[in-house]
Amino acid sequence: MTTTELLGLGLERHRAGRLLEAQQIYRQVLAVEPQLAEAWHLLGMVAYQCGNAELAVNCGQAALRLKPDFAEAHNNLSVVWRDCGQFEPAMLHAHRALQLKPGLAEAHNNLGVIQQLLGQLDESQACYRRAIELNPAYAEAHNNLAAALQYGGNFDEALACCSRALGLQPRYAEAHFNQAVLLLLQGDFERGLPEYEWRHRCLDARGQAAIASPWDGSRLAGAILLHGEQGFGDTFQFIRYAHLVKQRVGKVMLRCSRTLFPLLRSCVAIGEFHPLEAPPPAAEAEIQLLSLPFVCGTTLATIPSRVPYLFADERLVADWRERLPEGFRVGIAWQGNPRFKRDHERSIPLEQFAGLAEVHGVRLIRLQVDGDSAQDSTSATFPLVDLGPDFDRRGGAFMDTAAVMKNLDLVITSDTAVAHLAGALGVPVWVALPFVPDWRWMLDRSDSPWYPTMRLFRQRTPGDWNAVFGEIRLALGEQVERQD
């Protein structure tokens, strides 16, 4: 078999999703013909798809050393740099690909993704539209345009783009997921929750081997294993379903981060806890926490919203009662997980809270835990009570946070686990939200059907925290006056 034929066989395997076989064949080709740029390019592509970014970069660079005007190699190297968060080289190679081949739809789409990640929504939309002009059957570009339109607040057109993507590729998981988010944002749980199940098939989903049959909501005499997924806030929000599950099954077990065990043990419906690092226990059925609303048939009107469903340790509550300062106590948190790809939208500059400290009688108390914030609270220019080095170091994650919250008049936070914990404890909590929030906060409402004690404050234009905190400061002043 010639190297040309061998390369064709590798490409055939590659397109069929047989990535390891394709990789072996590309290496065979390069062993015979190491100067073949196309083989380096394809080996880089399959390495990227297998999650080996370092090899993908090395192969892409090798291809370009051999063939500097290789537009597709420039574009694919740009994709790897983009997904590694290296936007400068990603942008450089994307532009070079388009200089060499202006009609390369994939390069327009890739440039759009980079611009979207950098917050340049108008520019990204223009790139996606150009990619679609060049290739109307380009499902990924339709889906990416939907995401950019969503972040810009154009929900109807975004849904139409999802529909076009799915018309081209009916089993396109990312398009189903984007459609789910759009529907759920608008409160359409009946259509949105089934679509949300496609998240398990998305490329960046954390796959795990099945250990039992997926639970369909039916009665079960044996044990069920609930899996925590996504962030701590998601666990706090959806653990509420454990009592509904317990009504239908004999035993409820939860597998999640060990650090949450002490706090989650206050949810009496859960009989056993198992850490992520240990092998999962035997069970007759299993389900992800965020699949429970779908399996339980939740609608906007039937969200199980009774609070509290989590409880603080009463000994810690009493301890903190003696240690907290006098005044109208307001706990604040400003940042979620910095590794979350949209954290720059939801997290809040600490100085935005300065005006709240000026409200007469208010004492701001830091709930942000060390290591959770990219912003150093020691640089705050306003009075902020630090709870000391032992805060949230006793017994498990969020144990002290929960106990402190039960002694506060109010919690004011960005969209973080702190917001969900306060809501689950039944503590009054105000949440400052970006222009297009996470789907669970929906649109155009100041309350949350998930949490009766929660009030939502929303950006009216992207990035405008000043107006949000002007509104919060006014509301806080009124709240303090009523309490006085």
Side-chain angles (χ1 to χ4, degrees), residues 1-84 86 90 93-94 96-97 100-101 103-111 113 131 134-144 165-177 198-210:
M1 186 178 290
T2 67
T3 54
T4 301
E5 292 170 333
L6 198 56
L7 196 65
L9 179 62
L11 191 55
E12 179 185 311
R13 298 288 193 274
H14 196 160
R15 287 170 176 162
R18 296 158 66 175
L19 300 182
L20 293 180
E21 291 179 41
Q23 188 174 102
Q24 291 173 348
I25 293 171
Y26 295 149
R27 289 187 184 278
Q28 284 181 258
V29 172
L30 288 168
V32 176
E33 198 169 343
Q35 301 302 308
L36 189 60
E38 182 68 24
W40 283 111
H41 164 61
L42 291 171
L43 180 59
M45 287 182 65
V46 79
Y48 166 74
Q49 290 173 273
C50 290
N52 191 337
E54 183 178 0
L55 177 59
V57 168
N58 291 338
C59 290
Q61 291 173 335
L64 291 172
R65 281 194 295 271
L66 294 166
K67 188 178 177 182
D69 60 350
F70 194 166
E72 288 80 1
H74 277 288
N75 185 57
N76 286 322
L77 184 55
S78 170
V79 169
V80 179
W81 283 126
R82 177 198 82 198
D83 289 351
C84 290
Q86 299 296 317
H93 283 284
R96 182 61 179 145
L100 292 165
K101 200 167 186 178
L104 186 60
E106 292 80 3
H108 286 283
N109 178 68
N110 171 44
L111 182 57
V113 174
L134 292 165
N135 180 6
Y138 195 176
E140 184 180 345
H142 285 288
N143 183 54
N144 287 339
L166 291 169
L168 293 163
Q169 291 186 24
R171 300 190 64 78
Y172 186 4
E174 283 76 12
H176 279 286
F177 178 78
W198 282 87
R199 71 190 183 280
H200 303 299
R201 307 185 195 185
C202 292
L203 291 175
D204 58 354
R206 297 178 182 176
Q208 62 178 24

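Starting from 1, each residue takes its place in the sequence as its number.
- One distance of note links CG of L134 with CG of N109; it measures 11.0 Å at 0.5 Å rounding.
- Residue pairs meeting the salt bridge (Lys or Arg N to Asp or Glu O under 4.0 Å) criterion with at least one partner in residues 24-47, sequence neighbours excluded, are absent.
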Run V79 and D83 through side chain to side chain contact (heavy atoms under 4.5 Å, CB included) and show every step you take.
CA-CA 6 Å; V79 169; D83 289 351; 4.1 Å; yes
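- Rounding to the nearest 0.5 Å places CG of L104 at 11.5 Å from CG of L111.
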### Task
With side chain to side chain contact (heavy atoms under 4.5 Å, CB included) as the test, would you mind laying out the steps for E72 and E106 before giving the verdict?
CA-CA 8 Å; E72 288 80 1; E106 292 80 3; over 6 Å; no
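- The backbone N or O of R199 lies less than 3.5 Å from no partner atom in the side chain of H176, so there is not a single donor-acceptor pair.
- Here the CG atom belonging to L9 is positioned 12.5 Å from the OG1 atom belonging to T4, to the nearest 0.5 angstrom.
- Considering every non-hydrogen atom in both Q169 and A139, the closest pair reads NE2-CB, 3.6 Å.
- By the side chain to side chain donor-acceptor pair (under 3.5 Å) test, Q28 pairs with no residue at all, sequence neighbours left out.
- In this structure, CG in N143 is found 11.0 Å from CG in L168, a value given to the nearest 0.5 Å.
- Nearest heavy-atom pair across W198 and A173 is CE3-CA, 3.7 Å.
- For Y48, there are no ring-ring contact (aromatic ring centres under 6.0 Å, His included) partners, not counting sequence neighbours.
- Looking at residues two or more places apart in sequence or on another chain, you find a side chain to side chain donor-acceptor pair (under 3.5 Å) between Q49 and H14.
- For the atom pair C59 SG and L64 CG, the distance stands at 11.5 Å (nearest 0.5 Å).
- In terms of heavy-atom proximity, A22 sits nearest to V46 at CB-CG2, 4.4 Å.
- For L30, the side chain to side chain contact (heavy atoms under 4.5 Å, CB included) partners two or more places apart in sequence, or in a different chain, are A39, W40, L43.
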Can you check side chain to side chain contact (heavy atoms under 4.5 Å, CB included) on L20 and R18, steps first, answer last?
CA-CA 6 Å; L20 293 180; R18 296 158 66 175; over 6 Å; no
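- Atom CZ in R65 sits 10.0 Å away from atom CD in Q35 (nearest 0.5 Å).
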With side chain to side chain contact (heavy atoms under 4.5 Å, CB included) as the criterion, how do L6 and V32 come out once you've worked through the C-alpha distance, each side chain's angles and the decisive distance to 0.1 Å? CA-CA 11 Å; L6 198 56; V32 176; 6.0 Å; no
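- With sequence neighbours left out, the ring-ring contact (aromatic ring centres under 6.0 Å, His included) criterion links H108 to no other residue.
- Heavy atoms only, all atoms of each residue included: A107 and N75 are closest at CA-OD1, 3.1 Å.
- For E54, the CD atom sits in a loose shell: 12 or fewer heavy atoms of surrounding residues, nucleotides or ligands are nearer than 6.0 Å.
- The minimum heavy-atom distance between N135 and A105, with the atom names listed, is CB-CB, 4.2 Å.
- Considering every non-hydrogen atom in both G44 and A56, the closest pair reads O-CB, 3.4 Å.
- Side-chain contact between E174 and E140: absent, with no pair of heavy atoms (C-beta onward) separated by less than 4.5 Å.
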